[in-house]
Amino acid sequence: MNDFLSLAQKRYAVRSYLPKPVEAEKLERILEAGRVAPTAKNTQPFRFLVVQHPERLKKLSACTNVKGYPLAIIVCSVASEVWVRPFDGKSKPDTDAAIAATHMLLEATDLGLGSCWLMHFDPAPIREQFRIPEGTEPEYILAIGYPAEDSHPSERHTKRKPLEDLVVEESF
């Protein structure tokens, strides 16, 4: 039986993939995991741009530092749809998009797929190549596929700060 903590600990950034497409049923489950992610006031201020065509993937890969994935989901935020905190006007469309992205990556892991969360990209050519409209911001690229046999977590994945360095109880 998988439990959530085991699933979260199992997931790592895969940087090498098998040349095998992701099945449509698995893609649908991944997208559904993003759709049901919690957002502020349930505004769901994001769009999921699915890229699978080899020529499109090649263009997208040219903008990132990870190559060879058979599926990418460009997670975009839509600022005009985000909830705004009334006390100070703060809004975080990227936060809602990040929650959805996390749900999708964890669902991919649960389905036996590997993934890599990409933020190291210039959004301008991606916006142009994929005709992303004004007001919609490409926030993250999720590279997804079957991990290559030699795929393994980097050392950074296993080095975590102890809880006592992260948790503050009651007050700072």
Side-chain angles (χ1 to χ4, degrees), residues 1-61 63-79 81-83 92-121 123 126-127 129-133 136-154 157-158:
M1 177 177 153
N2 281 343
D3 64 62
F4 180 77
L5 186 55
S6 295
L7 179 66
Q9 290 168 332
K10 177 181 174 184
R11 198 225 152 252
Y12 68 93
V14 173
R15 298 184 186 280
S16 181
Y17 298 88
L18 294 174
K20 176 183 175 182
V22 174
E23 296 86 345
E25 308 80 39
K26 289 185 177 184
L27 172 58
E28 187 172 332
R29 286 184 59 95
I30 291 166
L31 294 170
E32 180 65 11
R35 187 185 74 83
V36 301
T39 60
K41 294 199 95 173
N42 197 33
T43 58
Q44 300 168 320
F46 41 67
R47 299 294 181 277
F48 308 137
L49 175 56
V50 177
V51 182
Q52 298 179 89
H53 189 277
E55 282 303 312
R56 294 277 187 171
L57 286 168
K58 187 175 178 182
K59 289 178 181 182
L60 183 60
S61 291
C63 300
T64 68
N65 59 350
V66 175
K67 315 282 185 232
Y69 41 86
L71 166 66
I73 301 171
I74 303 172
V75 180
C76 302
S77 65
V78 182
E81 296 178 7
V82 73
W83 176 74
K92 295 295 229 165
D94 58 326
T95 299
D96 284 338
I99 295 166
T102 300
H103 272 60
M104 288 190 281
L105 292 181
L106 289 169
E107 178 63 20
T109 301
D110 197 45
L111 294 169
L113 298 165
S115 62
C116 191
W117 179 303
L118 306 172
M119 285 185 54
H120 187 272
F121 61 87
I126 291 172
R127 182 181 298 288
Q129 287 287 333
F130 296 94
R131 299 191 325 249
I132 297 174
T136 301
E137 184 65 31
E139 299 284 356
Y140 319 108
I141 299 169
L142 309 180
I144 300 171
Y146 288 93
E149 284 90 23
D150 63 348
S151 183
H152 61 319
S154 75
H157 178 77
T158 56

message = As an exercise, state the distance from CD of E81 to NZ of K41, rounded to the nearest 0.5 Å.
response = 15.0 Å

task = Would you please name every residue forming a side chain to side chain donor-acceptor pair (under 3.5 Å) with E107, sequence neighbours left out?
result = R29

remark   = Shortest non-hydrogen pair, P70 vs V22, comes out as CG-CG2, 4.4 Å

remark   = In this structure, CD of E23 is separated from CG of L111 (nearest 0.5 Å) by 9.0 Å

request  = Kindly determine whether L60 and F121 satisfy side chain to side chain contact (heavy atoms under 4.5 Å, CB included), including the steps that lead there.
outcome  = CA-CA 9 Å; L60 183 60; F121 61 87; over 6 Å; no

query = Can you tell me how far the SG atom of C63 sits from the CZ atom of R127, to the nearest 0.5 Å?
reply = 12.5 Å

ask   = How about V14 and Y146: do any of their side-chain heavy atoms sit closer than 4.5 Å?
value = no

task = First locate atom CZ of F46, then atom CD of E137, and finally report the distance between them rounded to the nearest 0.5 Å.
result = 16.0 Å

key: Close side-chain approach of L118 and Y140, heavy atoms under 4.5 Å   = no

query = At their closest point, which heavy atom of G68 faces which heavy atom of S61, and how far apart are they?
reply = N-OG, 4.3 Å

message = For residues 11-20, which residue pairs pass the side chain to side chain donor-acceptor pair (under 3.5 Å) check, not counting sequence neighbours?
response = R11-S115, Y12-S151

message = Run F48 and M104 through side chain to side chain contact (heavy atoms under 4.5 Å, CB included) and show every step you take.
response = CA-CA 10 Å; F48 308 137; M104 288 190 281; 3.5 Å; yes

remark   = Here the gap from E55 atom CD to L57 atom CG, rounded to the nearest 0.5 Å, amounts to 9.5 Å

key: side chain to side chain contact (heavy atoms under 4.5 Å, CB included) partner of I73, the single match among L105, I30, I141, V51   = I30

query = In Å and rounded to the nearest 0.5 Å, what is the CD1 to NZ distance from I99 to K92?
reply = 11.5 Å

ask   = Between D3 and L5, which heavy-atom pair has the shortest distance, and what is it?
value = OD1-N, 3.1 Å

ask   = Step by step, would you call F4 with L106 a side chain to side chain contact (heavy atoms under 4.5 Å, CB included)?
value = CA-CA 9 Å; F4 180 77; L106 289 169; 3.7 Å; yes

query = Among L71, I74, I144, whose side chain to side chain contact (heavy atoms under 4.5 Å, CB included) with V50 holds?
reply = L71

task = Please report the shortest heavy-atom distance between T136 and C76, naming the atom on each side.
result = CG2-CB, 3.5 Å

inquiry  = Is any side-chain heavy atom of V66 closer than 4.5 Å to one of H120?
reply    = no

message = Would K10 and D110 count as a side chain to side chain contact (heavy atoms under 4.5 Å, CB included) here? Give the steps.
response = CA-CA 9 Å; K10 177 181 174 184; D110 197 45; over 6 Å; no

message = Quick check: closest heavy atoms across W117 and A98, and the distance to 0.1 Å?
response = CH2-O, 3.6 Å

query = Any sub-3.5 Å donor-acceptor pair from Q44's side-chain atoms to R35's backbone N or O?
reply = yes

task = Taking D94 for its side chain and S77 for its backbone only, find out whether a donor-acceptor pair lies under 3.5 Å.
result = no

